[in-house]
Each structure stands twice: as structure tokens, then as C-alpha cells.
Amino acid sequence: MTELEQRRRNVQTALAGGTSNKPKADALLVSSLANVRYLTGYAGSNGLALVTPTETHFFTDPRYALEASQTITCKLHIAKGPLQEAVAGIVKRKKLKKIGFEPAWLNLDQHQKLKDLLPLGASLQPIPGVIETLRMTKSPAEIDMIRKSVRVNSEAYARTLRRIRLGMRERDIAAELDYQMRLHGAEKPAFDTIVAAGVRTALPHAQPTGHRLEENDLLLIDMGACLDGYMSDMTRMAFLGQPTKRVQTLHDAVLEAQLAGIDAVRPGVTAAQVDAAARGVLKKHGLDRQFVHSTGHGLGLEIHEGPRIGKKDKTVLRAGMVITIEPGAYIDRFGGVRIEDTVLVTANGCEVLTPTTKEFVHL
Ligand code: ZN
Ligand code: ZN
């Protein structure tokens, strides 16, 4: 059985598993493109999948006909009209009644249209998170892809760092990072590359601007690569000159929190416990109120997936999960520090996949 077949089988098992004689649904309509890709390998922009207890149907439009005919290994339907019409056709032909859908990935308009198209006696039922839950644990092949993505990302960072000079704009650096990423095999950045200098580092999600690097600027770079669909994510800090004691102290506190977070990662602990480990260190340094986001997130086919490494997430970590550990502290009109690695949960602990040094680089 191929990996894609195994994934589809797992969805079928999950669907059947309401109770043994009362399945959750007769089929699951998959409309999240990341979930469609996970089940079929389709990487385009217009596709739906319908998983029934015995088959998986994939629907796309004629623009993808050739590519799909060469790559899709489940039942392929090239729809001339709206994909939902074709889905409704299969529901009717197979006499399916209870159709599960992904409530996070079907908007109200699509839901209404689909409802109108379904044959009499068929109904729609929200079934959230089936595939997202399966996706949290990565297969060895997926872990290999993430490793590659991480390597390319770090290579692009290292090559760009050597080119950074006073007077460069934040957006020059972002462009160089993106260019180096693609040059080394990424299909695109995993998200809009964040480059922030000086007081702008206090904005956790700063967009690069025309600000030119000055002496004594703190520099934050948060970047990720997307390679064969798989994401990486890393944040590093640098300083233009010799950091003041206050900057160094802030940096060291965040680094200590990041290392404590990594130290807590192992199978059997909850995401919330990992968050608490990092947060506790920042609290000790009086910086917990400056830590305005969660400690990390899962990543894979999407840059943000489950589990969320936050205060309230009770997800128990398992070997094969890939998460980020990225505490930060942000001080208005002064600056902010975040340090982020991509981390694999292993059988006895974890492996930091990101090879880049966390040393506070002075440029
Ligand atoms: Zn990041
Ligand atoms: Zn991240």
C-alpha cells in the first residue's frame, strides 16, 4: 500500500469509528486544499475529495486534467462545471446519505449551494478535524521532507547573513532571503518573510519596510521555506554593533526560555506543559506580560497546524509530531526578541531539526 492509500484508509477508519454499527458519516467531503493534498498528492488550487468507506473520489477542473491523470491514484473526476455539482452526482450515484464536511473549510455560501444540489434524503453534517488530527503525526517520508525544508531555509539564512550591511533596507534583506531560498530548492517561502530592525522588532509580525539598517539596530529575521509542500520555520536575532546590557539581557532571557521549552518536549507531555516551561522562565525574568503569543505550533503541509503549543492545548505530544518552539518578549519603543526552531518529537525526547546557531550574532 502506498503512503497516500494508507492515509485514505486512515480517514475511512476514522469515519467508520463513530460506534461500530453507527458510522459518523457515509462519506467525508474534503475541501481544505492541504487536506486534499495530503490524501491525493494534488497541489493545485481547485480540488475537492470525497472519501467513502470504500473509495476516494477526487474532483478538479479541466486545467488540471493532464497533470491529474498522471498523478492521481484514486478515482478521478474532471468536472466541466462547478466541482460541487460533480460531488452531488457521486453522492446520488452511490446513494450516500450522511455527508460529513469540514466546517472550517466550507463557507456558508458553498454549504448552501451544496445543500441545494444534494439528492433528496442526503444531508450535510459537520465533522471537524478528522484529517488535521491524522496530519499531526508525520510519517518518516514527511519528516524527511521537513528536514530538507529546514536545511534549505537555514542555508538561505546563512548566505543572506553574510551579505547584510549597514544601510540595507529590511525589504532588501527579505528579498535576498526569498531569493536564496528558491535558489536552493524551495518552491516558495512558507509565509511572508519577516525582517524587522530597531524598535520595529517589538512587533511580533512586522512586515519588512524601507527602514535602512543603522548602527545599534537589533535585527529579527523570521523565515520558513516551503519545499515539496512541506514547511520549515525559524527565527534568529542579530545585532548591528555591540549590544547594550539591556538588549543582551533580553536576548539571554528569551534564549533561556526557548531552551527550557525544547527541554520539555517529549512524548507524553501536553502542549500546555511545554508552553508553561518556556513561559515560566520569562515570568522569572519579569517578562511574561511581554510574551504575547503561544510558545509554538505544529507545521507540515501548512505553516500553522496542530498542536498549538499554548496555555490551553491539552494535546499529548507523540513521537513524529513536528512543532516550533518560539518564545519571545516584546517591549514597546525598545525592541523585541524571538528565537525559534523547528523540533521533531522523538521516541525518547526531541530533536532540534534547525541546524543554525542560536548565538546572538553581532554584525
Ligand atoms: Zn516563524
Ligand atoms: Zn512559527
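We count ligands from 1, going down the list as the structure has it; atoms in each ligand are counted the same way.
R159 has no carboxylate O lying under 4.0 Å from a charged side-chain N of E176, or vice versa, which leaves the two without a salt bridge.
Between S154 and T356 the shortest heavy-atom distance is OG-OG1, 2.8 Å. The two residues G229 and E187 have their closest heavy-atom pair at N-OE1, 3.3 Å.
Y42 and F58 have tilted rings, their planes meeting at an angle from 30° to 60° on a 0 to 90° scale.
More than 12 heavy-atom neighbours from other residues, nucleotides or ligands sit within 6.0 angstrom of CZ on R8.
Applying the side chain to side chain donor-acceptor pair (under 3.5 Å) test to Q12 and every residue at least two apart in sequence or in another chain returns nothing.
Here the protein contributes D233 OD2, H297 NE2, E326 OE2, E340 OE2 as N, O or S atoms under 2.8 Å from the Zn ion (ligand 2).
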